[in-house]
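I have a structure I would like to understand better, so I am pasting it below and will then ask my questions one at a time.
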Amino acid sequence: MTTVRVGFIPLVDAAPLIVAHEMGFAGEEGISLELVKAPSWSTIRDMLAFGGIDAAHMLAPVPVAISLGIGANAADLSALMVLSVNGNVIGVSAELEHRLADLGHEFGFDNAIVAGQDFAKAAATKPLKIGVPFPISMHAELLYYWLSASGLPAPQGVDVRTVPPPLMADAIADGEIDAFCVGEPWGSKTVERGIGALLLPGSAIWSFAPEKVLAARTQWAEQEPDLTGRLMRAVWKASRWLGTEGTHTTTAELLSRSDYLNLPSEIIDRALMGRIVVRPTGETRFSPSFVQFSDGAATFPWRSQAAWIGNQLAARLGMDRGAAMASAKSVFRSDLYRTHLKDTGAIMPGASEKLEGGIEGGFAGASESGRLLLSENRFFDGAVFDPATKK
């Protein structure tokens with residue numbers, strides 16, 4: 001049996017890789033996954049780029065950024081498939097929680113327009129320090145999009161700092177940051193410790209945001225098609241299993257182990273179920289589709305998603321948007337997805353691009369086989385991104 005080394009960060013959205021290993025889906029494909037836990041996203045990127053691992057749980061914007069020449073020199077990376085949609089939270093320190101409460105904010109955990117307006121008001125009285133796990137990430141992109149549309153220009157209007165996910169609660173406790181955007185369960189740790197509150201799920205900003213991808217060196221993926229296909233099929237099977245009703249308790253118990261997240265299964269289970277405790281006083285909010293692994297073609301690497309990321313990066317850094325979107329699209333490998341998953345029963349969309357932000361929940365999309373029901377895909381401000389015409 002061939003061993004494939006795959007890096008991951010201890011987050012709930014690493015579940016497809018952990019499940020593929022623990023539930024035997026990798027073994028069914030004749031591979032053994034050696035899961036390598038890394039302390040930071042820069043470590044994951046460098047391990048993958050320089051051949052220390054074969055594939056990785058990766059922030060969706062990182063392969064796009066590398067294709068644009070942004071960041072450290074690294075090998076070209078391909079996003080083979082999406083590992084998770086959504087799964088982030090925006091949280092605040094206890095001091096900022098009290099300031100927001102004084103402004104009348106009710107911590108409803110669903111209204112990004114109201115939350116953005118109140119957050120901007122709080123920032124007007126005191127400059128805010130905000131933590132993100134990595135400068136190039138959906139955490140940062142969602143945060144910048146939300147704040148800028150709410151009247152607080154970002155990143156220029158805030159002090160953005162890089163904090164590894166497991167250390168986010170410590171950074172809040174030590175006063176190093178006032179707020180954060182991070183993947184679960186690390187946002188909920190601030191609530192568990194009584195040192196902060198959760199303001200929004202990332203899905204309230206963009207309801208179908210590609211959060212993590214399965215990334216590999218482009219050269220490896222193309223020179224090792226058999227291994228690439230086996231890995232993708234194992235992970236796809238795990239994602240499908242995760243989307244099956246009644247699997248969340250088992251998943252939470254697997255992820256809670258010391259080799260993985262090393263946290264109580266209860267806090268992980270809440271994220272998988274979308275039942276989030278938002279304040280230390282115990283208020284719980286239900287967030288439908290808080291994190292998705294399978295439904296609505298969640299694993300498909302839509303090139304329009306990559307184009308949105310490329311457009312955002314280019315606009316902020318003064319790059320040519322058209323060229324950036326074209327380069328970004330080539331990174332999300334819908335071609336490899338179609339090739340390697342065609343015989344699994346995976347539903348293949350009829351196109352590799354779609355309108356981002358313009359889809360109602362339950363929309364029936366065109367597919368090559370089967371019935372494709374797309375999940376809701378909305379931006380909080382009503383914007384629609386058309387990858388064919390956006391300049």
Taking S239 for its side chain and V235 for its backbone only, find out whether a donor-acceptor pair lies under 3.5 Å.
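Between the backbone of V235 and the side chain of S239 there is a qualifying donor-acceptor contact (under 3.5 Å).
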Can you hop from L214 to M348 via hydrophobic side chains spaced under 4.5 Å?
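Linked, L214 and M348 end up in one cluster.
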Any carboxylate oxygen within less than 4.0 angstrom of a Lys/Arg side-chain nitrogen, looking at D178 and R99?
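No.
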Is any side-chain heavy atom of F379 closer than 4.5 Å to one of V384?
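No, their side chains stay 4.5 Å or more apart.
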Do T299 and Y337 pass the side-chain contact (heavy atoms from CB on, under 4.5 Å) test, and can you show the C-alpha distance, the side-chain angles, and the key distance before you say yes or no?
CA-CA 9 Å; T299 58; Y337 188 97; 2.7 Å; yes
Within the 6.0 Å centroid threshold, strictly below: F293 and W241
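Here the rings of W241 and F293 have centres that are no less than 6.0 Å from each other.
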What's the shortest heavy-atom distance between F300 and S334, and which atoms?
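Heavy atoms only, the tightest pair is CZ-CB, 3.6 Å.
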Is the charged tip of R303 near the ring of F332: under 6.0 Å from the six-membered ring centre and within 45° of its axis?
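Verdict for F332: no cation-pi partner in R303.
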Hey, can you tell me if Y145 and F380 have their rings parallel, tilted or perpendicular (30° and 60° cut-offs)?
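Ring orientation, 0 to 90° scale: perpendicular.
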When rounded to the nearest 0.5 angstrom, what distance separates NZ in K237 from CG in L242?
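The CG atom of L242 is 14.5 Å from NZ of K237, to the nearest 0.5 Å.
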Test: K212 and D13 ion pair at under 4.0 Å
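Yes, K212 and D13 are salt-bridged.
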Between I44 and G7, which heavy-atom pair has the shortest distance, and what is it?
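Scanning both residues, the minimum pair turns out to be CD1-C, 3.5 Å.
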Please list every donor-acceptor pair under 3.5 Å in which a side-chain atom of residues 252-259 meets a protein atom from a residue at least two apart or in another chain.
| from | atom 1 | to | atom 2 | distance (Å) |
| --- | --- | --- | --- | --- |
| S256 | OG | E253 | O | 2.8 |
| R257 | NH1 | E22 | OE1 | 3.1 |

I'd like to know if E192 pairs up with R270 as an ion pair, taking the criterion as any Lys NZ or Arg NE/NH1/NH2 lying under 4.0 Å from an Asp or Glu carboxylate oxygen.
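Result for this pair is yes, salt bridge flagged.
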Side chains of L80 and P301, heavy atoms from C-beta outward: is any pair under 4.5 Å?
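L80 does not reach P301 side chain to side chain.
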Within-4.5 Å side-chain heavy-atom neighbours: I309 and N311
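Side chain of I309 against side chain of N311, heavy atoms only: no contact under 4.5 Å found.
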Under 3.5 Å: donor-acceptor pair, side chain of K37, backbone of Y260
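The answer is yes, because a donor-acceptor pair under 3.5 Å joins these two groups.
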Flag, side chain of T251 to backbone of T247, donor-acceptor distance under 3.5 Å
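Indeed, once roles are kept as given, a pair shorter than 3.5 Å links the two residues.
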Hey, any chance L17 and W220 share a hydrophobic cluster, counting ILVMFWY side chains that come within less than 4.5 Å of each other, even indirectly?
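Same hydrophobic cluster.
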Checking D76 side chain against Q219 main chain: does a donor-acceptor pair fall under 3.5 Å?
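No; judged by distance alone, with no hydrogens or angles, the pair does not exist.
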Taking the side chain as every heavy atom from C-beta outward, state whether S32 and M1 have any atom pair closer than 4.5 Å.
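S32 vs M1: side chains touch.
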Which heavy atom of P165 sits nearest to which heavy atom of I9, and what is that distance?
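The pair with the smallest heavy-atom distance is CG-CG2, 4.3 Å.
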Would you call R285 and E283 a salt bridge, using N to O less than 4.0 angstrom?
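The answer is no: the pair does not qualify as a salt bridge.
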Run the side-chain contact (heavy atoms from CB on, under 4.5 Å) check on D226 and T2 step by step: do they pass?
CA-CA 11 Å; D226 181 62; T2 303; over 6 Å; no
Stepwise salt bridge (Lys or Arg N to Asp or Glu O under 4.0 Å) test for E222 and R333:
CA-CA 11 Å; E222 294 178 348; R333 300 299 300 271; 3.2 Å; yes
Which pair of heavy atoms, one from M47 and one from A38, lies closest together, and at what distance?
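Distance-wise, the nearest heavy atoms are SD-CB, 4.5 Å.
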Using modelled atom types and a 3.5 Å cut-off, is there a donor and acceptor pairing between side-chain atoms of N377 and backbone atoms of I359?
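Pair absent, no side-chain N/O of N377 close to backbone of I359.
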Taking all non-hydrogen atoms of both residues, which atom of T218 and which atom of L77 are closest, and how far apart?
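Closest approach of T218 to L77: OG1-C, 3.3 Å.
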Hydrophobic cluster membership, L263 vs V277, 4.5 Å side-chain cutoff:
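Yes, L263 connects to V277 through the hydrophobic network.
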Sub-4.5 Å side-chain heavy-atom contact between I70 and I66:
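They are not in side-chain contact.
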Side chains of H340 and R230: closer than 4.5 Å at any heavy-atom pair?
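Not in contact.
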Full working for side-chain contact (heavy atoms from CB on, under 4.5 Å) between L200 and F107
CA-CA 8 Å; L200 282 177; F107 293 86; over 6 Å; no
Would you call R279-E97 a salt bridge at under 4.0 Å N-O?
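E97 and R279: salt-bridged.
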Report yes if the side chains of V278 and T284 come closer than 4.5 Å at any heavy-atom pair, otherwise no.
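Side chain of V278 against side chain of T284, heavy atoms only: no contact under 4.5 Å found.
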Please round to the nearest 0.5 Å and tell me the distance separating atom CG of L313 and atom CG of L317.
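One gets 6.5 Å once the value is rounded to the nearest 0.5 Å.
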Would Q292 and S84 count as having a side-chain donor-acceptor pair, cut-off 3.5 Å?
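There is no such pair (donor and acceptor under 3.5 Å, judged by atom type) between the side chains of Q292 and S84.
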Run the salt-bridge test on E356 and R378 with the 4.0 Å N-O cut-off and return the result as yes or no.
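Between R378 and E356 there is no salt bridge, as every charged N stays at least 4.0 Å from the carboxylate O atoms.
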Using only atom types and a distance under 3.5 Å, with no angle test, would you say the side chain of W186 pairs donor to acceptor with the backbone of P10?
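Yes.
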Flag the pair L48 / R217 as yes when at least one side-chain heavy-atom distance between them is below 4.5 Å, and no otherwise.
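A side-chain contact under 4.5 Å exists here.
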Give the minimum heavy-atom separation between A179 and I172, together with the two atoms involved.
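Of all heavy-atom pairs spanning A179 and I172, the closest is N-CD1, 4.1 Å.
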Could you state whether I347 and W236 fall into the same hydrophobic cluster, counting links through intermediate Ile, Leu, Val, Met, Phe, Trp or Tyr residues with side-chain heavy atoms under 4.5 angstrom apart?
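Same cluster: I347 reaches W236 through Ile, Leu, Val, Met, Phe, Trp or Tyr contacts under 4.5 Å.
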Just how far is it from atom CG of L35 to atom CZ of R5, taken to the nearest 0.5 Å?
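Between L35 CG and R5 CZ, I get 10.5 Å after rounding to 0.5 Å.
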Look only at the side chain of T244 and the backbone of R240, and say whether a donor-acceptor pair between them is shorter than 3.5 Å.
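Looks like yes, one N/O pair under 3.5 Å.
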Check the pair I205 / I90 against side-chain contact (heavy atoms from CB on, under 4.5 Å), numbers first and verdict last.
CA-CA 10 Å; I205 300 170; I90 292 175; 3.6 Å; yes
Carboxylate-amine/guanidinium proximity below 4.0 Å for R233 and E28
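No salt bridge links R233 with E28.
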May I ask you to check whether W146 and W206 place their ring centers less than 6.0 Å from one another?
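Here the rings of W206 and W146 have centres that are no less than 6.0 Å from each other.
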Side-chain (T344) to main-chain (L341) donor-acceptor, under 3.5 angstrom
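Present.
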Do side-chain atoms of N88 reach the backbone of G202 as a donor and acceptor pair under 3.5 angstrom?
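The answer is no, because no donor-acceptor pair under 3.5 Å joins these two groups.
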Gap between atom CG of D159 and atom CD1 of I177 - 0.5 Å precision
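The CD1 atom of I177 sits 10.5 Å away from the CG atom of D159.
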Is atom CD of E106 surrounded by more than 12 heavy atoms (other residues, nucleotides or ligands) closer than 6.0 Å?
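No, not enclosed.
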Rounded at 0.5 Å granularity, tell me how far OG in S93 sits from NE2 in H98.
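The NE2 atom of H98 is 9.0 Å from OG of S93, to the nearest 0.5 Å.
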So, Q312 side chain and A315 main chain: donor-acceptor pair closer than 3.5 Å or not?
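Checking the backbone N and O of A315 against the side chain of Q312, no donor-acceptor pair under 3.5 Å is found.
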CG/L11 to CH2/W41 distance, rounded to the nearest 0.5 angstrom?
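It comes to 5.5 Å.
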Ionic contact status for E141 with R316, cut-off 4.0 Å:
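Yes.
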Hey, any chance V89 and I113 share a hydrophobic cluster, counting ILVMFWY side chains that come within less than 4.5 Å of each other, even indirectly?
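Cluster IDs for V89 and I113 match.
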